[in-house]
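Here is the naming used below: chain letters follow the sequence lines, and residue numbers restart at 1 for every chain. Every value quoted in this text rests on a predicted model; they were computed, and no experiment measured them.
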Amino acid sequence: MVTVKLNDFNLEQIADSGQCFRMNKISDNEYFLIAFGKCLKISALSKDEFAFDCSKKDFDTIWKDYFDLDTDYSLYKNSVDKNDIFLQEAIKYGYGIRILRQELWETTISFIISQRKSIPAIKSAIESLSASFGSPIYYKDEVFYAFPTPKQLAISSLEELSKHGLGYRDKYIHQLSNNVSSGEFDLDKAKNLNYDDAFKFLTSIYGIGTKIANCIALFSLHKIEAFPIDVWIKRILEDEYNNNFDISRYDGYAGILQQYMFYYARSREYSKIQKNK
DNA sequence: TGCCAGGCTTCAC
DNA sequence: GTGAAGCATGGC
């Protein structure tokens, strides 16, 4: 067990921020996460104190990096335009959001699944794939399943894959799994590229366009200049900024602010305000 | 029950 | 290069 004090860190906000799909609430103040072939339980002891149920070694070598704990998010928040009421509200509402550094393969497949799907539907498709093709993880007398590797996914036929709620995306996943598994396509090359080259590299993949490439760049490669525009962000840019949002003000890290926008836009608080307008 | 979801490919122009 | 059609399926 590792207990740490953390600022700008909130489990619920991270779990519900739409960047990860296997972090879930299990009780009041407790969240459960599967990543890197491991299970992790995290408890909020107070607003700024957290218990990670793992070894000190795993915390230092995996989870500290995963949750981007060495970054001071107050610097980003303080840079926000004081006159930008929407963004000020958004950073206040989602104060504890972190941009995760997730595994490249899992993030790539997860966001291919995500297109034109709701977050609950994405989650259930990922759980279904993991339970059917992933390796078991034994944790406190229970069994969970890791996200399947390229080889594990490549074994299954297109027909088998299509049983997991993937819809028309099954063929994208089938092709990429086979190309990566055979060594024909080296996805890990993306890790050594700058944002522009990583974007070109990712959009060359069948089934990955502008938005998904930006999500992978932001949520796995940690290219925080990436600014994914989905239906929610598109609405915000129209409704709140009259399609005139000055992204250049946040040159180099706009993706982080995008995430506060996304989280706030989907909240009940924001929809209440919209109704009263 | 119908509508919408962290969009993409394809094809016409 | 831009714009529109078509897309599979689950969750609310």
In whole angstroms, the gap separating C1' of C/dT9 from CG of A/Leu129 amounts to 14 Å
* Asked: Touch check for A/Ile233, heavy atoms < 4.0 angstrom, all strands: base, sugar-phosphate only, or nothing?
  -> base
Item to check | Touch class at under 4.0 angstrom, heavy-atom based, for A/Ser162 against every strand present | outcome: nothing
Heavy atoms only, 4.0 Å cut-off, all strands: where does A/Phe262 land among base, sugar-phosphate and nothing? base
*Are A/Gln152 and A/Ser135 linked by a side-chain donor-acceptor pair shorter than 3.5 Å?*
yes
TODO: Give A/Phe219 one of three labels, base, sugar-phosphate or nothing, depending on what nucleic acid heavy atoms sit under 4.0 Å from its own.
DONE: base
Rounded C1' spacing from B/dG6 to C/dA4 in Å | 22 Å
Open item on the list: Any side-chain to backbone donor/acceptor pair from A/Glu225 onto A/Tyr253? Under 3.5 Å, distance only.
Closed with: no
What side-chain donor-acceptor pairs closer than 3.5 Å can you find for residues 209-218 of chain A, not counting sequence neighbours?
unit_1: A/Asn214; atom_1: OD1; unit_2: A/Tyr195; atom_2: OH; d: 2.6
unit_1: A/Asn214; atom_1: ND2; unit_2: A/Thr210; atom_2: O; d: 3.2

Between A/Tyr76 and A/Tyr73, ring centroids under 6.0 Å:
yes
Closest to the 5' end of DNA chain B, once A/Gly207 and A/Ser17 are matched to their nearest nucleotides, is A/Ser17
Aromatic ring proximity, centroids under 6.0 angstrom, A/Phe32 and A/Tyr139:
yes
Bounded by its outermost nucleotides with an atom under 4.0 Å from a heavy atom of chain A, the footprint on DNA chain B reads B/dA5 to B/dT9
A/Ile126 CD1 to C/dG10 P, in whole Å, measures 15 Å
Residue pair A/Arg116/A/Ser124 against DNA chain C: nearer the 5' end by closest nucleotide is A/Arg116
Atom CD1 of A/Ile113 and atom P of C/dG11 are separated, to the nearest Å, by 13 Å
note: A/Glu159, atom CD; C/dA8, atom P; distance rounded to Å ~ 14 Å
From CD1 of A/Ile112 across to P of C/dT9 the rounded distance in Å is 18 Å
Looking for any heavy atom pair under 4.0 Å, which part of the strands does A/Ile205 touch: base, sugar-phosphate only, or nothing? sugar-phosphate
inquiry  = Taking any heavy-atom pair under 4.0 Å as a contact, classify A/Gly209: base, sugar-phosphate, or nothing.
reply    = sugar-phosphate
Taking for A/Tyr172 and for A/Lys117 the nucleotide of DNA chain C with the nearest heavy atom, the one nearer the 5' end belongs to A/Tyr172
Check the pair A/Phe86 / A/Tyr270 against ring pair (Phe, Tyr, Trp, His ring centres under 6.0 Å), numbers first and verdict last.
CA-CA 10 Å; A/Phe86 174 78; A/Tyr270 180 67; 5.4 Å; yes
Taking the ring centre of each residue, are A/Tyr95 and A/Tyr263 less than 6.0 Å apart? no
